[in-house]
Engineer: 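Below is a structure I'd like to ask you about.
Counting starts at 1 for both ligands and their atoms, following the listed order. Just so you know, residue 1 is the first one in the sequence shown, and it goes up from there.
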Amino acid sequence: MKIDILTVLPELLESPFAHSILKRAKEKNLLEVNVHNLRQWAVNEYGQVDDYQYGGGAGMVMMCEPLANAIEALSKEKKFDEIIYMTPDGEKLDQKMANQLSMKENLLIICGHYKGIDDRIRENFITKEISIGDYVLSGGELPAAIVVDAIGRLIPGVLNNETSALFDSFQDNLLAPPVYTRPADFRNLKVPEILLSGDPKKVDEWRNEQSLQRTKERRPDLLDEQ
Ligand code: ADE
């Protein structure tokens with residue numbers, strides 16, 4: 001999978017993809033992330049990509065021309081399955097959306113700033129708008145990194161144990177069960193006996209029960225979605 005990201009702050013996106021699972025995904029050539037500085041397509045030599053909003057009001061708006069030129073230039077190199085705009089009024093990211101996006105070949109993600117991007121770009125170029133939650137961040141870069149992480153780890157072959165993503169929280173609209181590691185007795189706090197039983201069937205049953213119980217207690221709304 002190839003993900004291109006368009007931003008005015010490319011520095012913000014250097015670190016998130018340089019470590020751990022996403023680093024491994026890149027090394028295995030399963031994921032390629034290319035970050036582009038929108039100022040390459042600025043309207044003048046001062047690097048301008050934003051302007052005052054029509055109708056007045058505080059806050060700048062990202063201009064049509066740099067965005068349209070950037071999208072068109074990048075689209076010449078590859079056909080994007082989705083051109084995504086990160087915005088708090090988009091569709092809320094969940095595991096189902098991450099699963100769907102992980103099956104795509106080429107994605108372009110646009111990070112907004114200031115008051116956002118000119119609506120004509122949203123109407124005419126953007127194919128999907130994603131929010132990472134009901135709160136406003138200062139730009140779309142951290143949300144974009146979250147989307148890339150959520151998608152990247154689902155690409156087959158990225159995780160060491162291929163099945164492990166299947167048991168993540170939310171994969172079946174259930175939260176994951178509790179997990180433990182050594183020692184079995186830590187300051188008299190004991191690991192549940194059944195996990196030490198060596199009986200995989202019983203362990204599986206216990207984990208399923210725990211998942212269900214956790215979901216009932218913490219996120220009953222997920223059970224209504226089934
Ligand atoms: N940009 C600013 N806030 C955001 C959010 N919550 N989700 C996606 N993009 C954003």
Engineer: As an exercise, identify every atom of ligand 1 less than 4.0 angstrom from a heavy atom of L137.
Structural biologist: 2 (C), 3 (N)
Engineer: Considering only the protein, which heavy-atom contact is closest to atom 7 (N) of ligand 1, and what is its distance?
Structural biologist: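 Result for atom 7 (N) of ligand 1: I132 N, 3.0 Å.
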Engineer: Among all the protein's non-hydrogen atoms, which is closest to atom 4 (C) of ligand 1, and how far away is it?
Structural biologist: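 In this structure, atom 4 (C) of ligand 1 has P88 CD, 3.6 Å as its nearest protein heavy atom.
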Engineer: Under a 4.0 Å threshold between the charged nitrogen and the carboxylate oxygen, would D199 count as salt-bridged to K201?
Structural biologist: no
Engineer: Knowing that exactly one of K76, K79, K78 qualifies, which makes a salt bridge (Lys or Arg N to Asp or Glu O under 4.0 Å) with D4?
Structural biologist: K78
Engineer: Can you tell which of S131, G133, G139, G112 gets a heavy atom nearest to atom 1 (N) of ligand 1?
Structural biologist: G139
Engineer: Distance from T7 atom OG1 to H113 atom NE2, nearest 0.5 Å?
Structural biologist: 5.5 Å
Engineer: Counting only heavy atoms from other residues, nucleotides and ligands, does the tally under 6.0 Å from NZ of K115 exceed 12?
Structural biologist: no
Engineer: Between V136 and ligand 1, does any nitrogen or oxygen pair lie at a separation below 3.5 Å?
Structural biologist: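 By distance alone, the answer is no.
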Engineer: Are any of the N/O atoms on T87, whether in the backbone or the side chain, positioned under 3.5 angstrom from an N/O atom of ligand 1?
Structural biologist: yes
Engineer: Run the numbers on N188 and K190 for side chain to side chain donor-acceptor pair (under 3.5 Å), then give the verdict.
Structural biologist: CA-CA 6 Å; N188 213 27; K190 309 257 171 50; 3.1 Å; yes
Engineer: Any Lys/Arg nitrogen of D94 or K96 sitting under 4.0 Å from an Asp/Glu carboxylate oxygen of the other?
Structural biologist: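 Looking at D94 and K96, the cut-off is not met.
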Engineer: Using distance alone, determine whether P143 and ligand 1 share an N or O pair under 3.5 Å.
Structural biologist: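 No, P143 has no N/O under 3.5 Å of an N/O on ligand 1.
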Engineer: Could you walk me through whether L74 and L108 pass the side-chain contact (heavy atoms from CB on, under 4.5 Å) check?
Structural biologist: CA-CA 9 Å; L74 296 172; L108 173 60; 3.9 Å; yes
Engineer: Short N/O distance, under 3.5 Å, between I130 and ligand 1?
Structural biologist: no
Engineer: Closer than 4.0 Å to some heavy atom of Y135 - which atoms of ligand 1 meet that?
Structural biologist: 3 (N), 5 (C), 6 (N)
